[in-house]
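Source: prediction; values computed, not measured. In what follows, chains carry the letters A, B, and so on, assigned in the order in which the sequence lines appear, proteins first and then strands, with residues in each chain numbered from 1.
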Protein chains: 2
Amino acid sequence: MQLFADEETIERQNIVSPTLAPPLPRQTPLPTVPQDDAEVYEVVIVGAGPAGLMLNLLLARYGLPDSSRLCIDSNPSALKVGHADALMQRTMEVFKSLDIADEIWNHGLRGYEFTRWIKDPSSATGFIRQFSQFTARVMARYKPAIIMMSQGRIERILRDNLKQYSRKGVTWNCRVLDVKIENDVSDFPVRAIIEENGEKRTIRTKYLVGADGAHSVVRKSVGINQVGAMADDIWGVADMVVNTDFPDIRRPVHFASSKRIVSIIPRERKNDGEYLTRIYVPFDADDPIGSDSSNAAPQSEEYQRARRANITPKLILQRAQELFHPYYIRPKQEIEWWAAYQVGRRYAEHLVAKDGAGNSRVFLVGDSCHTHSPALGQGMNVAMMDSYDLSWKLMYAINGLTPEPEKLLSTFAHDRLENAKRLIENDRTWYETRYRTDGDDDVEAEKFLEDDLLTFMAGTSIEHDEGFLVDTKVGSIDGPIYSSSYLNGVLREGRRLADVMITRFADGDIRHSQDEFPSDGRFRVLVITSSDLLASPEGTSATALRRICQEVLPSFIPSTLELIIFTPFNSFSFEWANIPSFIKQEAEMRVHYLDSEGYATYGVEVKLGAIAVVRPDGYIGTIAKLDDTEKINRYLTRCLQTV
Amino acid sequence: MQLFADEETIERQNIVSPTLAPPLPRQTPLPTVPQDDAEVYEVVIVGAGPAGLMLNLLLARYGLPDSSRLCIDSNPSALKVGHADALMQRTMEVFKSLDIADEIWNHGLRGYEFTRWIKDPSSATGFIRQFSQFTARVMARYKPAIIMMSQGRIERILRDNLKQYSRKGVTWNCRVLDVKIENDVSDFPVRAIIEENGEKRTIRTKYLVGADGAHSVVRKSVGINQVGAMADDIWGVADMVVNTDFPDIRRPVHFASSKRIVSIIPRERKNDGEYLTRIYVPFDADDPIGSDSSNAAPQSEEYQRARRANITPKLILQRAQELFHPYYIRPKQEIEWWAAYQVGRRYAEHLVAKDGAGNSRVFLVGDSCHTHSPALGQGMNVAMMDSYDLSWKLMYAINGLTPEPEKLLSTFAHDRLENAKRLIENDRTWYETRYRTDGDDDVEAEKFLEDDLLTFMAGTSIEHDEGFLVDTKVGSIDGPIYSSSYLNGVLREGRRLADVMITRFADGDIRHSQDEFPSDGRFRVLVITSSDLLASPEGTSATALRRICQEVLPSFIPSTLELIIFTPFNSFSFEWANIPSFIKQEAEMRVHYLDSEGYATYGVEVKLGAIAVVRPDGYIGTIAKLDDTEKINRYLTRCLQTV
């Protein structure tokens, strides 16, 4: 079409930019530099792996200024190859809520099927092959049980997204030497000595987060002990493009003989068109490697180091080749990456260290507070979810958005430690059942593997305990929820809101319900109306909405709380004129049709409705009947600063 | 998990980078700089709007080096506001095939519903409101009839993607003054005078593309005439955030009284959280604006200019306000952008200009070869699809990948001119039926609007004529296709391959069939096997695949042709050992399960199967029975260079 430039108005900003999450409001003053000219921050993050990068990104997105934030890493530059490689279903949901899931979805290898091969000379082929489709016993937005993509690429996606919110990236080649909490400096009580490019200096900060891995200097500096021990098993891992006639090379495979185990993890396609394959080989304590390699006492560090030193890519491949025989498996290109490491099944005794006044000041996330085997593909996921949990709580404390900052921060310490313990326990059980059963079928073990373990691995079965952020779980007796099928999406205090399809009333857009709950740090009141919404402006639904809009929402700091409405009525059933006008005014683009299947998924009766508060991390804080808006108000007043 | 850095191998590249499309092979030498030191290119693109940017991006992706490519634009910088704002279904499919659809899908306003309002004092409310859900009569991967997003943002997405393939962006503030095809300079016969930042210089190129809009200097320079005329109607358009009680403000609305028309286009959300609204007001020849503003003769350019000058954002808003009354509509912020322009319904007589030897040298795309009203939201879509059609044909000519470059290029000139004519005709018919019917219901007009027009608008109903790139259409008599329901996805020579869901055999990944046909410039042979695939290695399916793998594919330049296989068998039905080994060797990650519904969608009988060649642009070139691989070979030999 033909346009006359001279009749156009001047340029504006922002219309062409990518969509960004809005920052959280700040009720506290920005820190002023102390008189002693010390280098001060509000948050210092030690480590720029998945945990550190996720935290750094989230804080930047929530609006913590570059001047208040420092993320350092002792490595000279970003990770290029190897390390973790699996994203689980809940992690993908969280990535989607941050608008950074698409590249992973489009280009990761999506694992829908797996096989188990057992070497069995008595069978005709020499093998028993068990083929399965992953059946996670939970409802999740993303169907593949795992999506495989190199950790380095996921870190790059996090760093790329950071550039949209911040001019400050990671400070590489900078390590922490010591961390102390001092009680005499009230605003910035954490003092850390760091060494950047070989030069030492002291910095101070309100909060410091150790995302510095299994050998965490932060953890050691603040004297947090680990529970558990180094296990005897050593794992060899190698990433390569393979040339093979093994038929299941593109599916996750557990391959076992009576003596040996190999795991195959299919990986994403590289830019040269070739697909990567990861090979895991666990070497247990009885494995003869290294038996002649050291005179040190078994179990000693020296002995273990000598055993590890005997593991080479050649040996890893050789073990696979022996097991695969008569199938062949050969590297098609140079081996991409490999490593040998000893599994420690340990978790930190505490996830926080406090100052003299009892305020949490130093936090641990990721490998710094839990180490385990790679068998369940959890490491990177749990690490990022630690940071996802911590980030908004930290930001609420810093920005003055909660009346109880320490209670809020304590929920991190409790909830993520519970999860870490469960992780270590599951890792052990998996190893003992799957890796030690030598191919025997054990009914109880199988049940564990298929039910508890798969839902744990998915990350969608977490149910936080009752506490500051999770109201008493009322269930179906005292609450409006009629089902207890929580893994299938029924609303439950302490569980994440499951994804269903909804249709926005204003424009008919067909949407994922989780997209109405982006991870931008806001609490949200979800009113699921009953079928009386259209009947009368004095009905239960309309009254509940009026109270939320006119009494509850105005009590809180603007832009910390948002109203979402699901109704059983679609665009053919009503017009704006049929419902009270304050609804459109408050939530024009947040009124959605939820079909009867959706009501059933959430366990809400269409005749009764329900109200839930969804926390910034997508977990449900409280659930109330439509006529009990006072319960909603009580919950919110406890968690959120009022105006 | 715990890793020992000293046991890791050195860094590699590419594992962390975004996935990139591979370049096309080049069989011709790169140009050498002529002795006269002239500035030479292989392709010069004049204009960096949607058409020019799309072409520039595609050529870069196909591997045309930066030194061979120049894209200039007379504007000082990129577009920030206004202009086009709608993407249609086929455009979205193409964007997806380039891996650049996600931001638009996630953040555009997705139009599923629309309403038509007719002012009618005799009705109780003063209006008749007709509510509809868009029902495009075609099967498309993306369900919304339109996705709304600012042209400037779409251009930014194209430029962002270009950065992944090229270090050379658009040369702004550079206009073309003259273009000539000279017959004495064989390699670079197109000579153009350009002016960059006020300085003139002459450049030479093999090919030049005019993407320079309705007033195309390129078109005028090479003497291509336009067919059609400036219409009398002038359109006013304004983008703003509105404050209104009009209930349908988030749906596309056609609003009419007996004398006036207003169109409402809901738009994407801005980063400040507000949703934009576009208001279109056509002013027809009888409209009293400007009747007293000029002494010039009606129809004269001067008269029209004076009329246009009378249109202001205030007037556009006032027209909307009069029609909306008693609803109110007010700008909530400063008006974002506005324009007034006269509609010309014209198309270029030819889309190419040739040199003395009959070779196409100058091409027209976008507004330079078709202008029309904005009513159908086609401009930006058709412009980009012109370039999408031209890009790979140009690249095949340049890289020596076709034995008949001129025949290949001629298909652009023919096919896109046919489409341009259809566009102008549809725009006129729409205007005459919808905008002039004053709210009367006309059965024939409605049928046109709902059937032909909606499928045309979607961009998915294009069926190219038989010719060099499209074999004789065999239909169900001589061919393997048993249905003629082409709009619903049945395979047809000259139509695009519709999207269905498939499951990859190797890893069980559930995929969109269109994702197997990315726009990377490759031809693809799609073998849809019959159910005899597993019966015998000498059966029809296995024989067809053997011939394709062993006789057809090896004849052509590697990486110009790829094999895709759909079978009626899923992962539970067979293993690699059950089918001939050359299949896995040739197409391990391109063997997919197509369910019986998928066979039915494509119109292929499971008992018979079929073979199709899919062109680089997703259109089907030829269809053959499984036992007629010779037909496939003939088609490919005609189009593609053999080794």
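- The backbone N or O of B:Pro18 lies less than 3.5 Å from a partner atom in the side chain of A:Asn271, making a donor-acceptor pair.
- Heavy atoms only, all atoms of each residue included: A:Phe131 and B:Ser571 are closest at CZ-CB, 3.5 Å.
- Contact of B:Met589 with chain A is made through the side chain alone, with heavy-atom distances under 4.5 Å.
- Neither the backbone nor the side chain of B:Gln585 comes within less than 4.5 Å of any heavy atom of chain A.
- Proximity to chain A is limited to the side chain of B:Asn106, based on heavy atoms less than 4.5 angstrom apart.
- In this structure, the side chains of B:Tyr275 and A:Glu588 stay at 4.5 Å or more apart for every pair of heavy atoms.
- For a residue to count as touching a neighbouring chain, one of its non-hydrogen atoms must lie under 4.5 Å from one of that chain's; by this rule B:Asp239 does not touch chain A.
- Rounded to the nearest 0.5 Å, atoms CG (A:Asp509) and CD (B:Glu113) are 9.5 Å apart.
- From A:Arg110, atom CZ reaches atom CD1 of B:Ile510 across 8.5 Å, with rounding to the nearest 0.5 Å.
- The minimum heavy-atom distance between B:Phe246 and A:Lys584, with the atom names listed, is O-NZ, 3.7 Å.
- A distance of 10.0 Å separates CD of B:Glu103 from CG of A:Asp102, quoted to the nearest 0.5 Å.
- Just one residue in the list A:His107, A:Arg269, A:Glu268 forms a side chain to side chain donor-acceptor pair (under 3.5 Å) with B:Thr19, and that residue is A:His107.
- Geometric assessment of A:Arg251 against the ring of B:Phe505 yields a positive cation-pi assignment under the 6.0 Å and 45° thresholds.
- In this structure, B:Leu109 and A:Asp507 have side chains that are in contact, with non-hydrogen atoms separated by less than 4.5 Å.
- Here A:Ser17 contributes atom OG and B:Lys80 contributes atom NZ; the two are 9.0 Å apart, rounded to the nearest 0.5 Å.
- Neither the backbone nor the side chain of B:Pro266 comes within contact range of chain A; no heavy atoms are under 4.5 Å apart.
- Heavy-atom distances place the side chain of B:Ile249, and not its backbone, under 4.5 Å from chain A.
- For chain B, the option among A:Gln378, A:Arg129, A:Met380 with the highest count of heavy-atom pairs below 4.5 Å is A:Arg129.
- The side-chain heavy atoms of B:Arg504 and A:Arg250, taken from C-beta on, include no pair separated by under 4.5 Å.
- Considering CH2 of A:Trp576 and CG of B:Asp245, their distance stands at 13.0 Å, rounded to 0.5 Å.
- For the pair A:Arg153/B:Ile15, no side-chain contact is recorded, criterion being any heavy-atom separation below 4.5 Å from C-beta on.
- Both the backbone and the side chain of A:Pro247 come within contact range of chain B, judged by heavy atoms closer than 4.5 Å.
- Highest contact tally toward chain B, considering only A:Pro22, A:Gly152, A:Ser581, is held by A:Gly152 [criterion: heavy-atom pairs under 4.5 Å].
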